[in-house]
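For reference, the structure is listed below as C-alpha cells.
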Amino acid sequence: MTRAQQTLSIGLLLSSIYMVAFLGLAPLPEKLQTDVIPVLPFWAIVTFGAYLLAKLGYGVLTFNDVPQAHQELVKQIEQARVELKKKGVEVN
Amino acid sequence: MSNNNTLDKLVGASMLVVASAVFLYYTIWTLLLPFVDPTHPVQSLFPPRVWAIRIPVILLLLGGAVVGSFLSVVMIRSNRKKAIKARQKEAGKKRS
C-alpha cells in the first residue's frame with residue numbers, strides 16, 4: 001500500500017465518520033450536536049497549524065551549529081568553483 | 001556565531017510557546033466552553049463563540065490571498081523576462 005493510498009483511506013474514513021455525526025444520522029446528545037460537531041473541522045485546522053509551528057520551533061531550538069563541517073563545505077565549494085571555471089562555467 | 005545561536009534558540013522557543021498557547025486557548029474555547037455553566041467567570045476570558053469560527057476563516061482567506069498574489073507576481077515577472085529574451089533573440093537573428 002503506497003503512502004498516498006494510506007493517506008487517502010484514512011482521510012476518507014475520518015470524513016465519513018464526521019459526515020455521519022454532522023448530518024445527525026447518529027443520535028448524539030443535543031449539546032454535543034449543536035455546539036461541538038460543527039466546530040470540529042476548524043479546530044482540526046487550527047490544531048494542525050499549531051502542531052506545524054511547534055514542530056518548526058522545536059527544530060529551530062534544537063539545531064546545533066557544526067563549524068567543522070561548515071569549513072569543509074566552504075572549501076569544497078571553492079574547489080568546485082575553480083574546476084568549473086576551468087571548463088568555462090561561471091558560478092557566483 | 002554564539003550570538004546567532006542564542007537568538008535562534010529564542011526564536012525557536014517563542015514559536016513553540018506561541019503554538020502551544022494558541023492550541024490551548026482555541027481548544028478550551030471551542031471544545032470545553034460549551035460544557036461550562038454560562039454564568040461561570042471563566043466565560044469572561046473568551047469572546048463570543050461566533051468569533052471562534054470567524055477568526056480562522058478570515059486568516060485562511062488572508063493567507064490564501066497573500067500566497068496567490070505572491071505566486072501571480074512571480075509568474076508575471078518570469079513571463080515578462082521570457083518575452084524580453086525571446087524578443088532579443090529575434091532581433092539578434094534578424095541582425096545576423
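Here the structure is a predicted model, which means the values were calculated and not measured. Each chain gets a letter, A, B and so on, in the order its sequence line appears, and its residues count up from 1.
There is no contact between B:Ser14 and chain A, counting heavy-atom distances below 4.5 Å. Proximity to chain A (any heavy atom under 4.5 Å) is restricted, for B:Pro56, to the side chain, taken from C-beta onward. Looking at A:Phe63, only its backbone comes within 4.5 Å of chain B, counting heavy atoms on both sides. Neither the backbone nor the side chain of B:Leu10 has a heavy atom closer than 4.5 Å to any heavy atom of chain A.
For residues 35-47 of chain A, heavy-atom neighbours of chain B at less than 4.5 Å comprise A:Asp35, A:Val36, A:Val39, A:Leu40, A:Phe42, A:Trp43, A:Ile45, A:Val46, A:Thr47, sorted by residue number.
Contact check for A:Tyr18 versus A:Leu14: no side-chain heavy atoms found under the 4.5 Å cut-off. Two residues are said to be in side-chain contact when any heavy atoms from C-beta on lie closer than 4.5 Å; A:Asp65 and B:Asp8 fail this criterion.
The side chain to side chain donor-acceptor pair (under 3.5 Å) test applied to A:Glu78 returns A:Arg81, not counting sequence neighbours.
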### Query
Given the rule in the side-chain contact (heavy atoms from CB on, under 4.5 Å) test, do A:His70 and A:Val66 qualify, once you have shown the distances and angles that lead to the verdict?
CA-CA 6 Å; A:His70 172 74; A:Val66 273; 5.8 Å; no

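The choice from B:Val22, B:Ile53, B:Leu59 that makes the most heavy-atom pairs within less than 4.5 Å of chain A is B:Ile53.
The backbone N or O of A:Ala80 sits nowhere less than 3.5 Å from a side-chain atom of A:Glu83 that would complete a donor-acceptor pair. No donor-acceptor pair closer than 3.5 Å links the side chain of A:Gln76 to the backbone N or O of A:Gln71. Put simply, the side chain of B:Trp29 never gets that close to the backbone of B:Trp51: no donor and acceptor are under 3.5 Å apart.
B:Tyr26 and B:Val57 fall within a single hydrophobic cluster, where Ile, Leu, Val, Met, Phe, Trp and Tyr are joined by side-chain heavy atoms under 4.5 Å apart, directly or via other members.
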